[in-house]
Student: 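There's a structure below that I have some questions on.
Note that these values count all heavy atoms, side chains included, but never hydrogens, waters or copies made by symmetry.
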Amino acid sequence: MIMTYDIIVVGGGHAGTEAAAAAARLGAKTVLITPDLTRIAQMSCNPAIGGVAKGTVAREVGALGGVMAQATDASRIHFRMLNRSKGPAVWGPRAQCDRALYPIAVRRILDGLDNLDLFQEMVTGLHFDDGVRGVVTRGGITFEGRAVVVTAGTFLRGRIHVGGSAAQGAGRAGEGPSVALAEALEARGLEMGRFKTGTPPRVDGRSVDFSRCERQDGDGDAFRFSFYERESLPRQLPCWITWAGEGLKEIVTANLARSALYGGEIAGRGPRYCPSIEDKVVRFPNARRHQVFLEPEGLDTTELYVNGLSTSLPPGVQLDFLRSIPGLEAAKMTKAGYAIEYDYFPPHQLHHTLEVRGMPGLYFAGQINGTTGYEEAAGQGLVAGANAALAVQGRAPFVIERDQGYIGVLIDDLVTKGVDEPYRLFTSRAEFRLLLRQDNGPSRLGTLARSLGLLTPHQVAALEERLRQEGRAKTWFRTHVLSPAAAEPALRGTHGGAPTRPQRARELLRRPGVTATSLLQAAGPEAPDFDPDVLATVEIDAKYEGYVRRELERAEKLRAQADFAIPADTPYDDFTTLSFEARQKLSRVRPQSLAQAGRIPGVSPADLQNLVMEVRRMKSGGSGMRTRWAATSTK
């Protein structure tokens, strides 16, 4: 049996669903193949979307027409804007989701897309013929396609560990590993590595003494991740905070030899910024206690996710250390935590389109590239799926630059710097944080998505309305004048004193403590009504105008460097003016521009200057060197 498509997406997680949806929205005939259609977009670990930097990525996926933002709004049961006490460049929206409602929302969105089919099977191999030409499955079905996007998550030779000796092959709890596909990819000569991640135990909320925990309610506003859709928001539930102290430390220390991580069963490296409780106890021996969050799994369950206690200790030890925590003395464990080890492919083997170098038509996205997190996976999936469709259609590739989106920062970091541990996105990784805020996705990426055809007609209409509203709001604040008496209520309690003359609303808005909402209220009942998200963008642009201008100027300089193209077949080993380390690193990464070369660790400013000289000499055919570069166009 042979089935033919333009695009084949392997895997139905967060990367796979975004890849399939993006390709389908671009008009490519697409199939998503996954071992279990009932587990599409399953939240295998914490049922939460967002956080610092990650929340911006989720909103960027939404601005590009993706699935994640809309599904999050349809399933969020606890929302908070993190880092509100800091500058807007690092604000991070985060939503605790209903574990059951989220995949239901994703499936509903996918089922509504033309050009997309779903198929339940295990992919066991790839078919190549001058590039990838399709996949083969365990059941003997062949899918022929012009591009394949592999989003295998933790399934490639996945192995679950619970305790020092109870290991089993699995992609995640309850599902088998993908061994044949891992072997097929390895046989193509690709470099592979091994990482690990883990999950904490879950408990029955009915067995928790919440009087011994600190209650954490969500924000009261009706914030939405999606810029274009208006899903009905579910009711909110509280989260709870407690602490793991000396009792837990003693239990973990006494049982370290029984941990898969410390007992020698796991060789893969785990995420630095989401360590297991064993790692916390060993690496921070002087810490008196470690924070633990009890987070709801859904509206129709009492189960709680115990955030902060990821572990590979035996279940009996897990129950013991749970009961050492205030509020959990009588806890009933509903699911034991576990660690999972899996194969990944170091991402320096990719182009910025996420196509595998030297293998036309084959794309990787998600944890297969050494990343962590649903949001990082979704961003990669969207870019990979879009580029696969664009390549099939003979169109120019889609690359998000570092000054355009956190997704661009993520992919450039992966391709240029590679990974030696599971990659996690932070605001500190971005040079242009003030440009890449969570509020301004439509102007940054929405217009780009519209020009590519990534948006549905409904999304295009919503984007255009959003941009019109932004324009009207900016005009109102720029032109509306408030008298000192009218402005006084908005300025009350702020610094700077009362104005002595009429002033434009934008001038007043630039004062510390003055908000766009308060100025609209001060203007009276005839003031226009604007969406809160629009007001946030207008307010931040006004208050940080000088800083934004400086970042834009820096971004232009970066683009100038990016215009200096470096041919793919550059013979770096011939450039003796470069340091040995630089020649090694440049040969491995093969940067496409001077800007990308400058971001490679080990390539110094002197190396960059010499690289420019060598490239120009090669293009002119100087010093008797090869002249094949003469036809290469650079600025």
Side-chain angles (χ1 to χ4, degrees), residues 45-48 51-52 78 80 82-83 85 94 96 161-164 166 196-218 237-263 265-266 270-297 302-340 372 422 424:
C45 197
N46 191 359
V52 178
H78 180 98
R80 294 183 69 229
L82 307 183
N83 278 353
S85 62
R94 183 185 186 276
Q96 194 73 17
H161 299 264
V162 184
K196 75 102 177 172
T197 188
T199 68
R202 276 71 152 175
V203 299
D204 188 335
R206 294 171 298 182
S207 65
V208 175
D209 181 359
F210 292 110
S211 68
R212 304 204 63 201
C213 305
E214 176 187 340
R215 180 177 172 126
Q216 184 183 62
D217 289 308
L237 298 177
C239 292
W240 303 86
I241 301 174
T242 183
W243 301 88
E246 291 297 329
L248 177 139
K249 185 188 296 186
E250 291 175 5
I251 295 169
V252 171
T253 302
N255 288 278
L256 275 177
R258 303 177 68 190
S259 163
L261 178 63
Y262 285 90
E265 288 293 315
I266 294 179
R272 177 195 304 263
Y273 301 102
C274 188
S276 67
I277 190 59
E278 297 99 296
D279 280 326
K280 292 178 184 178
V281 168
V282 171
R283 286 162 49 186
F284 309 106
N286 297 322
R288 279 195 319 110
R289 58 182 192 171
H290 299 282
Q291 197 170 42
V292 175
F293 292 88
L294 305 178
E295 299 171 327
E297 294 260 320
T302 60
E303 196 169 33
L304 299 173
Y305 182 92
V306 188
N307 196 349
L309 294 183
S310 173
T311 184
S312 62
L313 284 162
V317 178
Q318 294 184 38
L319 184 58
D320 286 344
F321 72 54
L322 280 171
R323 290 179 172 175
S324 72
I325 297 172
L328 301 183
E329 292 88 350
K332 293 181 179 179
M333 187 169 68
T334 57
K335 183 178 181 180
Y338 62 86
I340 182 166
T372 65
R424 182 176 179 180

Student: Go through the steps for Val306 and Leu294 under the test side-chain contact (heavy atoms from CB on, under 4.5 Å), then give the verdict.
Tutor: CA-CA 5 Å; Val306 188; Leu294 305 178; 4.1 Å; yes
Student: Within a strict 4.5 Å, meaning less than it, do heavy atoms of the Leu313 and Phe321 side chains meet?
Tutor: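 Leu313 vs Phe321: side chains touch.
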Student: Which atoms form the tightest heavy-atom contact between Met333 and Pro201, and what is the distance?
Tutor: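 Looking at all heavy atoms of both residues, the closest pair is SD-CB, 3.8 Å.
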Student: Which heavy atom of Leu309 sits nearest to which heavy atom of Ala244, and what is that distance?
Tutor: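 The pair with the smallest heavy-atom distance is CD2-CB, 4.5 Å.
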Student: Could you report the tightest heavy-atom contact between Cys45 and Gly198, atom names first, then the distance?
Tutor: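 Closest approach of Cys45 to Gly198, heavy atoms only: SG-O, 3.8 Å.
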Student: For the residue pair Gln216 and Arg80, establish whether any side-chain heavy-atom pair is separated by less than 4.5 Å.
Tutor: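 Yes; the side chains approach each other to less than 4.5 Å.
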Student: Compare every heavy atom of Ile325 with every heavy atom of Trp243, then report the nearest pair and how far apart it is.
Tutor: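 That closest heavy-atom pairing would be O-CG2, 3.3 Å.
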Student: For Asn286, does its backbone N or O pair with a side-chain atom of Arg288 as donor and acceptor, under 3.5 Å?
Tutor: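 Judged by distance alone, no pair lies under 3.5 Å.
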Student: Can Glu295 and His78 be said to form a side-chain contact (heavy atoms from CB on, under 4.5 Å), step by step?
Tutor: CA-CA 9 Å; Glu295 299 171 327; His78 180 98; over 6 Å; no
Student: Would you check if there is a donor-acceptor pair between the side chains of Asn46 and Gln96 at a distance under 3.5 Å?
Tutor: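 There is such a pair between these side chains.
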Student: Does the side chain of Thr242 come within less than 4.5 Å of Arg212's, by heavy atoms?
Tutor: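 The answer is no; the side chains never approach within 4.5 Å.
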Student: Would you compute the distance between atom NZ of Lys280 and atom CD of Gln291 and round it to the nearest 0.5 angstrom?
Tutor: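 Here the interatomic distance stands at 9.0 Å.
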Student: Mind checking what makes side-chain hydrogen bond (donor to acceptor under 3.5 Å, both in side chains) contact with Asp204, not counting sequence neighbours?
Tutor: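 For Asp204, the residues satisfying side-chain hydrogen bond (donor to acceptor under 3.5 Å, both in side chains) (neighbours in sequence not counted) are Arg206, Thr302.
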Student: With the side chain counted from C-beta on, respond yes when Thr253 and Glu250 share a heavy-atom pair under 4.5 Å apart, and no when they do not.
Tutor: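 No - every pair of side-chain heavy atoms lies 4.5 Å or more apart.
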Student: Determine yes or no for a side-chain-to-main-chain donor-acceptor pair under 3.5 angstrom, with Gln318 supplying the side chain and Gly316 the backbone.
Tutor: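 No; zero donor-acceptor contacts below 3.5 Å.
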Student: Where do Thr311 and Val317 land on the side-chain contact (heavy atoms from CB on, under 4.5 Å) test, with the steps shown first?
Tutor: CA-CA 10 Å; Thr311 184; Val317 178; over 6 Å; no
Student: So, for Ala331 and Ser207, which heavy atoms are closest and what is the spacing to 0.1 Å?
Tutor: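 Scanning both residues completely, I find the closest heavy atoms to be CA-OG, 3.4 Å.
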Student: Check Ile251 against Asp320 and note the closest heavy-atom contact, atom names and distance.
Tutor: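 Closest pair (atom of Ile251, atom of Asp320, distance): CD1-O, 3.5 Å.
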Student: How long is the straight-line distance from OG of Ser324 back to NZ of Lys249, given to the nearest 0.5 Å?
Tutor: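 Nearest 0.5 Å value for the NZ-OG distance: 12.0 Å.
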Student: Which distance, rounded to the nearest 0.5 Å, do you find between the CH2 of Trp240 and the CD of Glu214?
Tutor: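 So the gap between those two atoms works out to 10.0 Å.
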Student: Are Ser276 and Ser310 close enough that a side-chain donor and a side-chain acceptor fall under 3.5 Å?
Tutor: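 No.
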Student: Is there a side-chain contact between Thr197 and Thr372, using heavy atoms and a 4.5 Å cut-off?
Tutor: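 No - every pair of side-chain heavy atoms lies 4.5 Å or more apart.
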Student: Between atom CG of Leu304 and atom SG of Cys239, what is the distance when rounded to the nearest 0.5 Å?
Tutor: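 Going from the CG atom of Leu304 to the SG atom of Cys239 covers 9.0 Å.
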